[in-house]
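Data block below; observations after.
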Amino acid sequence: MVDICIKKLKENINIPYNLLFLADDSKEAIDDYIKRGTCYGAYIGHEIVGIYVLLKTRPFTMELVNIAVKKQYQNKGIGKKMVLDAITKSRLKNAKILEVCTGNCGISQIALYQKCGFRITGIDRDFFKQHYEEKIIENGIECVDMIRLSINL
């Protein structure tokens, strides 16, 4: 695993949309949850190589709403380290549940979350058809449904 440091992004830093767009195509959605949540960056030296956004959604519930790693750094354990960091930070904020959602076509994402202890708790049918104008294709599969996973903390 690569040696990385995960820390909260400073308020005055430019938002790294290039990373956030790897996980979400909607700038409108990104802007909304960035205002309500906290961004954390994964750094190798001074280079930001990954990002995630954590926000409180309900009493005792946090959601990991965007997690992305630069393509050249993927499959090196950085995503898993960020998910585990989000779990730790959620516990420190006294959350009892951490949720994460991904598209039905995100096979590697679904596997990652399950390896970190998350379980599938629901499916929001036609979520991407209703909320995204452009059709999303990943792994040769059209992204239509949102898979919701959660872990008890």
Side-chain angles (χ1 to χ4, degrees), residues 1-57 61-95 97-120 127-128 131-143 145-153:
M1 188 180 297
V2 178
D3 186 33
I4 66 166
C5 172
I6 299 173
K7 57 188 176 183
K8 181 178 172 182
L9 293 184
K10 294 179 181 171
E11 300 291 329
N12 57 355
I13 194 169
N14 288 333
I15 301 298
Y17 284 101
N18 60 323
L19 281 173
L20 294 164
F21 283 137
L22 293 174
D24 194 334
D25 292 338
S26 171
K27 185 173 185 305
E28 182 180 4
I30 291 170
D31 286 340
D32 177 66
Y33 55 69
I34 290 240
K35 286 180 196 167
R36 297 182 295 123
T38 305
C39 291
Y40 296 92
Y43 294 84
I44 295 176
H46 296 292
E47 180 185 7
I48 186 167
V49 299
I51 192 166
Y52 75 84
V53 181
L54 194 59
L55 64 92
K56 185 173 184 172
T57 55
T61 303
M62 303 289 291
E63 185 174 353
L64 177 56
V65 291
N66 185 314
I67 181 166
V69 177
K70 282 185 178 178
K71 290 192 188 298
Q72 65 267 35
Y73 292 99
Q74 291 178 3
N75 300 310
K76 298 184 186 314
I78 297 169
K80 184 174 184 178
K81 190 165 186 178
M82 289 194 301
V83 171
L84 295 175
D85 188 71
I87 291 169
T88 299
K89 285 185 173 45
S90 296
R91 284 185 177 127
L92 292 172
K93 293 176 183 283
N94 296 318
I97 297 171
L98 177 60
E99 297 180 322
V100 66
C101 297
T102 191
N104 61 281
C105 57
I107 297 165
S108 60
Q109 294 92 322
I110 293 168
L112 169 64
Y113 300 135
Q114 290 183 90
K115 288 175 185 176
C116 291
F118 287 80
R119 296 185 61 197
I120 296 171
F127 178 87
F128 292 96
H131 299 285
Y132 288 75
E133 292 180 21
E134 299 288 324
K135 188 183 280 191
I136 301 168
I137 306 287
E138 188 177 325
N139 298 310
I141 303 167
E142 182 179 356
C143 189
D145 301 322
M146 183 169 66
I147 308 297
R148 184 173 299 279
L149 301 97
S150 67
I151 186 171
N152 292 328
L153 303 173

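Only a predicted model underlies this, so the values are computations on that prediction, with no experimental measurement involved. Counting begins at 1 with the first residue of the sequence.
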- Atom pair CD1 (Ile120) and CD (Gln114), whose distance is rounded to the nearest 0.5 Å: 5.0 Å
- Is the shortest heavy-atom distance from the side chain of Leu98 to the side chain of Leu54 under 4.5 Å? yes
- Query: Just by modelled atom types, is the Val69 backbone N or O under 3.5 Å from a matching donor or acceptor in the Gln74 side chain?
  - Reply: yes
- Query: Do the non-hydrogen side-chain atoms of Leu112 and Phe118 ever get within less than 4.5 Å of each other?
  - Reply: no
- Can you find a heavy atom in the side chain of Cys105 that is under 4.5 Å from one in the side chain of Ile137? no
- Message: For a 4.5 angstrom cut-off between non-hydrogen side-chain atoms, does Ile97 reach Asn152?
- Response: yes
- Item | Spacing of Leu20 atom CG and Ile67 atom CD1 [to the nearest 0.5 Å] | 11.5 Å
- Message: Measuring from atom CG of Leu9 to atom CD1 of Ile15, what distance do you get when rounded to the nearest 0.5 angstrom?
- Response: 6.5 Å
- Message: Set out, in order, the CA-CA distance, both residues' side-chain angles and the distance that settles side-chain hydrogen bond (donor to acceptor under 3.5 Å, both in side chains) for Tyr40 and Asp85, then state yes or no.
- Response: CA-CA 10 Å; Tyr40 296 92; Asp85 188 71; over 6 Å; no
- Do you know the tightest heavy-atom contact between Met146 and Arg148? CE-NH2, 3.6 Å
- If you look at every heavy atom in Ile4 and Ala42, which pair is closest and at what distance? CD1-CB, 4.0 Å
- State, to 0.1 Å, how close Cys116 and Ile87 come at their nearest heavy-atom pair, and which atoms those are. O-CD1, 3.8 Å
- Note on the structure: Distance col, row Lys89:NZ vs Leu84:CG, nearest 0.5 angstrom, shows 11.5 Å
- Query: Looking at side-chain heavy atoms only, is the closest gap between Glu134 and Asp25 below 4.5 Å?
  - Reply: no
- Would you give the length of the straight line joining atom CE of Met62 to atom NZ of Lys93, rounded to the nearest 0.5 angstrom? 5.5 Å
- Note on the structure: For Phe128 and Asp145, the nearest pair of non-hydrogen atoms, with its separation, is CE1-O, 3.5 Å
- Note on the structure: Of all heavy-atom pairs linking Cys39 and Ile34, the shortest is SG-CD1, 3.5 Å
- Heavy-atom closest pair, residues Ala23 and Asn66: CB-OD1, 3.3 Å
- Item | N/O donor-acceptor pair under 3.5 Å between Lys70 side chain and Ile48 backbone | yes
- Close side-chain approach of Tyr52 to Val100, heavy-atom, < 4.5 Å: no
- Side-chain contact, heavy-atom cut-off 4.5 Å: Tyr113 with Ile147? no
- Task: Enter the distance from Leu64:CG to Thr57:OG1 here, rounded to the nearest 0.5 Å.
- Result: 11.5 Å
- So, do Glu138 and Gln109 sit near enough that their side-chain heavy atoms are less than 4.5 Å apart? yes
- Indicate yes or no for a side-chain donor-acceptor contact from Asn104 to the backbone of Glu142 under 3.5 Å, with no hydrogens or angles considered. yes
- Item | Val83/Lys115 under side chain to side chain contact (heavy atoms under 4.5 Å, CB included): CA gap, chis, key distance, verdict | CA-CA 10 Å; Val83 171; Lys115 288 175 185 176; over 6 Å; no
